[in-house]
Amino acid sequence: MSEPLKLWGGRFADGPSALFERYSRSLHFDSRLLAADIRGSKAFANALLRVGILNDDEHRAIFAALQKIDQESADLPALLAGAMEEDVHSLVIRKVHEYAGKAAEKIHTGRSRNEQVSLDVRLWLREEIDNTRHGICDLLEALLAFADRYPDAVIPGYTHLRRAQAVLWPHYLLAYCDMFRRDWQRLTEVRARVNVLPLGSGALAGSGFPLDRDQIAHELEFDSVTTNSMDVSADRDFVMDFLHAASMAALHLSRLAEDWILYSSDEFGWMELSDAVTSGSSLMPQKKNPDSLELIRGKCGRVHGSYSSLFVTMKGLPLTYNRDMQEDKEPLFDAVDTIQHSLAMATEVAKGATLRPAIAEAAAEEGWLVATDLAEALAREGFPFHAGHQLVGRLVLESVQKGKKPTEWTADELKAFAPEFHDGLARLLHPREGMKTREAPGGTGPGAVGKALAATKASLAIMRNQTPI
Ligand code: ARG
């Protein structure tokens, strides 16, 4: 085991206690930033060469050392074995010392870990944002394929969890596609705010060396450079922006999960989950439980917990950097893992799930979901909507009292109930008929849904193209 490197110490007569060292160490989690730290350090070495702090030999030695650490990082457990540094930044510098000798003493010239940690997280996070965006695209693809498997299926749509109006199955799935497309857009917007170079800000007051920050930004593929060094040291907005976007995606996933838990229950009975994503009971032999969906629903709380955890940590912190801010990484890492795994899990559930279209349609035919269709048909014929609403309401009341389903009414019986219900209206007792009137864009009319499906598929192709691999 080599002596741990401390990036400070000159001012101290005594070392830190063992307890404080253990308490403050972040290496066991921030080692996830190793590749980013190496990449950022290479760019910083290049910048130091350009301003003449490093000569060619020193630069070459440092670069070779960083290269070697990069190769060693393929076996991270071995690299970390016995490492007692405070954080990943100190670890990399100790290793550079080991491999580059004296030249390494200049690698941290004018650089602060405050800007370095911001740089590392930004480099790491922008890649994970892209991975998350890919996860969303995969889920969208699975939802669209699920829609294509049952293009004409009719299901009950709910408000207040009471049957409300019938909709096409693809229309229902497209609602979630819209949510996940917004999540993708939100992540894309967050990525733009993450993708700004903080390096060259020093601890808080700016770099004391004439670094060409634009050149560093170009080298590290950042779109621009930050404009205030104090803001850089103090800022974790970009982490919270991601946590907000991830929470929103997790929230959408939780609602999808809840719907499908209900729809696949015996009580609803019109969806079936595959064996691959369900579990049995240790006691009750008949059980087929939707655990995958319950976990997706549950993990939303965890992602949102990460968001509120960091939010509360940051609230009221005095400018600029405070060590509290080290508490950003564990929630961030956990949220990234959780949202990506949940997206993948939902994708697998969607791929294996099946619909029982006849049962869904029967449910849509039963509960007077056609009442609005009837009232609107009367209105189209000039009958005031309120009066039509009342009339259909009375028809529903009578049916409920007699235990009669909509499709059990004959055209003659309808007419006898009220002359306004002429023969042409009887066909509206089947939900498929009324649906045909809902062709305004965004509605569940078959034509509108066909167009929305095509538009969503086209936008998915564009999203895939715009997400770097
Ligand atoms: N591990 C620290 C963090 O994540 C790195 C920055 C340390 N800076 C400092 N001034 N102690 O925030």
Side-chain angles (χ1 to χ4, degrees), residues 4-12 14-17 19-41 43-44 69 73 76 79-80 83-96 107-126 128 194 196-208 226 228-243 306-307 309-337:
L5 177 103
K6 235 185 225 52
L7 294 173
W8 45 271
R11 183 241 178 275
F12 291 82
D14 262 335
S17 78
L19 175 64
F20 172 56
E21 271 198 328
R22 254 201 323 276
Y23 185 69
S24 58
R25 183 173 297 133
S26 56
L27 184 59
H28 55 287
F29 55 83
D30 70 13
S31 54
R32 273 185 92 156
L33 301 173
L34 183 64
D37 202 77
I38 294 169
R39 191 171 174 202
S41 296
F44 194 62
I69 305 167
S73 70
L76 194 61
L79 185 99
L80 292 178
M84 296 300 284
E85 273 70 28
E86 182 183 317
D87 55 26
V88 68
H89 324 294
S90 317
L91 172 79
V92 169
I93 292 176
R94 191 250 296 161
K95 286 266 179 195
V96 174
I107 179 61
H108 208 54
T109 308
R111 184 174 65 165
S112 162
R113 281 179 297 162
N114 299 349
E115 55 180 336
Q116 201 178 353
V117 73
S118 171
L119 173 68
D120 291 2
V121 173
R122 286 169 192 267
L123 284 169
W124 179 86
L125 182 55
R126 71 181 181 190
E128 294 303 337
V194 169
V196 183
L197 175 85
L199 195 64
S201 300
L204 78 158
S207 177
T226 54
N228 185 290
S229 59
M230 295 184 81
D231 180 43
V232 164
S233 289
D235 173 32
R236 290 293 179 272
D237 292 11
F238 62 98
V239 177
M240 281 186 279
D241 280 350
F242 171 80
L243 291 173
S306 293
Y307 182 25
S309 150
L310 183 57
F311 200 102
V312 177
T313 298
M314 294 304 294
K315 179 196 166 292
L317 284 187
L319 247 55
T320 56
Y321 179 82
N322 301 272
R323 192 66 178 271
D324 316 44
M325 290 160 71
Q326 178 169 296
E327 293 297 313
D328 64 345
K329 275 169 281 301
E330 285 164 295
L332 173 63
F333 295 159
D334 190 74
V336 163
D337 292 342

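When a ligand or atom number is given, it counts from 1 through the structure's own listing order. Residue numbers run from 1 in the order of the sequence given. Since this is a predicted model, take the numbers as computed values, not measurements.
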**Student:** Which is it for Lys329 and ligand 1 at heavy atoms under 4.0 Å: side chain, backbone, both or neither?
**Tutor:** side chain
**Student:** Would you mind listing which atoms of ligand 1 come within a distance below 4.0 Å of any non-hydrogen atom of Asn114?
**Tutor:**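 Checking each atom against Asn114, I get 8 (N), 9 (C), 10 (N).
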**Student:** Taking the side chain as every heavy atom from C-beta outward, state whether Val88 and Leu27 have any pair of such atoms under 4.5 Å apart.
**Tutor:** yes
**Student:** Give the atoms of ligand 1, by number and element, whose distance to some non-hydrogen atom of Ser26 is under 4.0 Å.
**Tutor:** 1 (N)
**Student:** Ignoring angles and geometry beyond distance, decide whether Asp328 reaches within less than 3.5 Å of ligand 1 through its nitrogen or oxygen atoms.
**Tutor:**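 Between Asp328 and ligand 1, no N or O pair is found under 3.5 Å apart.
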**Student:** Are a donor atom and an acceptor atom from the side chains of Arg122 and Ser118 found within less than 3.5 Å of each other?
**Tutor:** yes
**Student:** On a heavy-atom basis, I'd like to know which of Arg236, Arg113, Glu327 is closest to atom 11 (N) of ligand 1.
**Tutor:**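 Of the listed residues, Arg113 has the closest heavy atom.
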**Student:** Counting C-beta onward and ignoring hydrogens, is there a side-chain heavy-atom pair between Asn114 and Val232 closer than 4.5 Å?
**Tutor:**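 Counting from C-beta outward, Asn114 and Val232 never come under 4.5 Å.
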**Student:** Would you please name every residue forming a salt bridge (Lys or Arg N to Asp or Glu O under 4.0 Å) with Arg11, sequence neighbours left out?
**Tutor:**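 Here no residue qualifies.
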**Student:** Whether Asp120 and Lys329 form a salt bridge (side-chain N of Lys/Arg under 4.0 Å from carboxylate O of Asp/Glu) is what I want to check.
**Tutor:**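 Salt bridge absent between Lys329 and Asp120.
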**Student:** In the protein, which heavy atom is nearest to atom 1 (N) of ligand 1, and how far is it?
**Tutor:**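 Going atom by atom, the protein heavy atom closest to atom 1 (N) of ligand 1 ends up being Gln326 OE1, 2.8 Å.
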**Student:** Among all protein heavy atoms, pick out the one at the shortest distance from atom 3 (C) of ligand 1; state its residue, atom name and that distance to 0.1 Å.
**Tutor:** Tyr321 OH, 3.2 Å
**Student:** Below 3.5 Å, N or O to N or O, backbone or side chain included: is there any such pair between Glu86 and ligand 1?
**Tutor:**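 In fact, backbone or side chain, Glu86 has no N or O that close.
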**Student:** Would you call Arg323 and Glu86 a salt bridge, taking side-chain N to carboxylate O under 4.0 Å as the test?
**Tutor:** yes
**Student:** Is Phe242 close to Val194 at the side-chain level, that is, under 4.5 Å between some pair of heavy atoms?
**Tutor:**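 They are not in contact (no side-chain heavy atoms under 4.5 Å apart), so the answer is no.
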**Student:** Taking 4.0 angstrom as the limit and counting only heavy atoms of Asp87, give me the atoms of ligand 1 inside it, by number and element.
**Tutor:**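 Those of ligand 1 that fall under 4.0 Å from Asp87 are 1 (N), 5 (C).
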